[in-house]
Amino acid sequence: MPTIQLLVVQPTPFCNIDCRYCYLPNRTSKAVVARETLQNLFSQVFASEWLGGGLSVVWHAGEPMVLPIGFYRDAFALVEALRPPELQVVHSFQTNGTLIDDNWCRFFAEAQINLGVSIDGPQHFHDRNRVTRSGRGTFERTIAGIRLLRRHGVPFHVISVLTPQSMAAAREMFDFYIAEGIEQVCFNVEESEGDHISESFREADAEALYYRFLGKFWQLWTAAPGKIRFVREIETALQQVIRPKEAPFYNQLIEPFAIISMDWAGNIATFSPELLGLKNPVYEDFILGNINRDALVDLADSPVLVRMLADIKVGVTMCREQCEYFSVCGGGEPVNKLAENGTFASTETSYCRITKMRATDLVLDALDRIPPEGFDAAAIARVTGV
Ligand code: SF4
């Protein structure tokens, strides 16, 4: 029986800006999810027996803040009314930050939203890609939003998409986060997804660039304790490498229904959230069914799911047999395999070489510097600073 861990809900596909690396195909559409669709989704999820103790709901796949606060007040009240009392539900937003104002800050605090703001570092890096439809940079508006969040004491993390230029500037990136009081940082590399071909992946030495960037950033981070509290890529790599032998690696991206994604029209997909909205005739656009028409639990027998799962499993088996990083990866991300290799039934991608292999190497290389006689928690903390 699956366990749902993450629900990605597209309140609207619309985005008020037009990032150059965006893969979302319908971002000019102003469609909005209907209340009835949300009711069908949450009532079926809550009745499904596929739940653990908690559920994370991410309002994403478009810019969530283009809808009024009242939309989310109603939606959250609906979720509350339907939620089983023992289930903890956490709502998350990933936003471009350009629409943050005092009212939104008060709402984020009141609703205890887990908030992520996308900002790619200092203005000259950010404005290369994160632009309006007329091509103007959005840095000024995003940083104004971040400063307002800080003034209101609203906790948030940032996600920065790295490019070859910013990867060559670890110190500048680090100084930027410190100067802006940004305490929690996540890095993404620009990926090839859908029709978008990554500029970073064309760089011959992208893997070395990423390794050097993360290594330098780690060094700066440990040399200035207390300034940045969390760097996702380093913490994740550490947790995956330093874990009890008996703890299996769980890859939710390859488990059916561990992640459920729903678009504004009620179409349901699973595995990598980015699949929803992409076109693919072989897998019928990755859509398992529609929550307004189908019973959620019946989607487990959907022919599309059976076909996708079979191919994903072949890819995971190939990874298990061929890749020495399998124990810290669990077979990677289906969406990247499809985008880069043309099939789920495959192994390595530029994406996994950069984000998984090189990040793991960095941690292993750091641990190698600890002499065997000093290999304990304190020694690990001294090297890693974490
Ligand atoms: S690192 Fe890449 S090749 Fe290795 S297990 Fe993960 S996805 Fe497969």
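Remember, it's 1-based here, ligands and their atoms both numbered in the order they're listed.
- Residues Y283 and F344 place their aromatic rings such that the two centres sit under 6.0 Å apart.
- Grouping the Ile, Leu, Val, Met, Phe, Trp and Tyr side chains by contacts below 4.5 angstrom, directly or via other members, places V306 apart from L288.
- Looking at C323, G315, C319, G332, it is C323 that brings a heavy atom closest to atom 4 (Fe) of ligand 1.
- Among the atoms of C352, none of the N, O or S atoms falls under 2.8 Å from atom 4 (Fe) of ligand 1.
- Between D311 and R307, none of the side-chain N atoms (NZ, or NE/NH1/NH2) sits under 4.0 Å from a carboxylate O, so this pair counts as no salt bridge.
- Near E348, meaning under 4.0 Å from any of its heavy atoms, are these atoms of ligand 1: 3 (S).
- Side-chain contact between F217 and R171 is absent, with no heavy-atom pair separated by less than 4.5 Å.
- Using a cutoff of 4.0 Å between basic side-chain nitrogens and carboxylate oxygens, D18 and R27 are scored as salt-bridged.
- Contacts of M357 with ligand 1, taken as heavy-atom pairs under 4.0 Å, involve the side chain alone.
- Here C329 does not reach atom 8 (Fe) of ligand 1: none of its N/O/S atoms is less than 2.8 Å from the metal.
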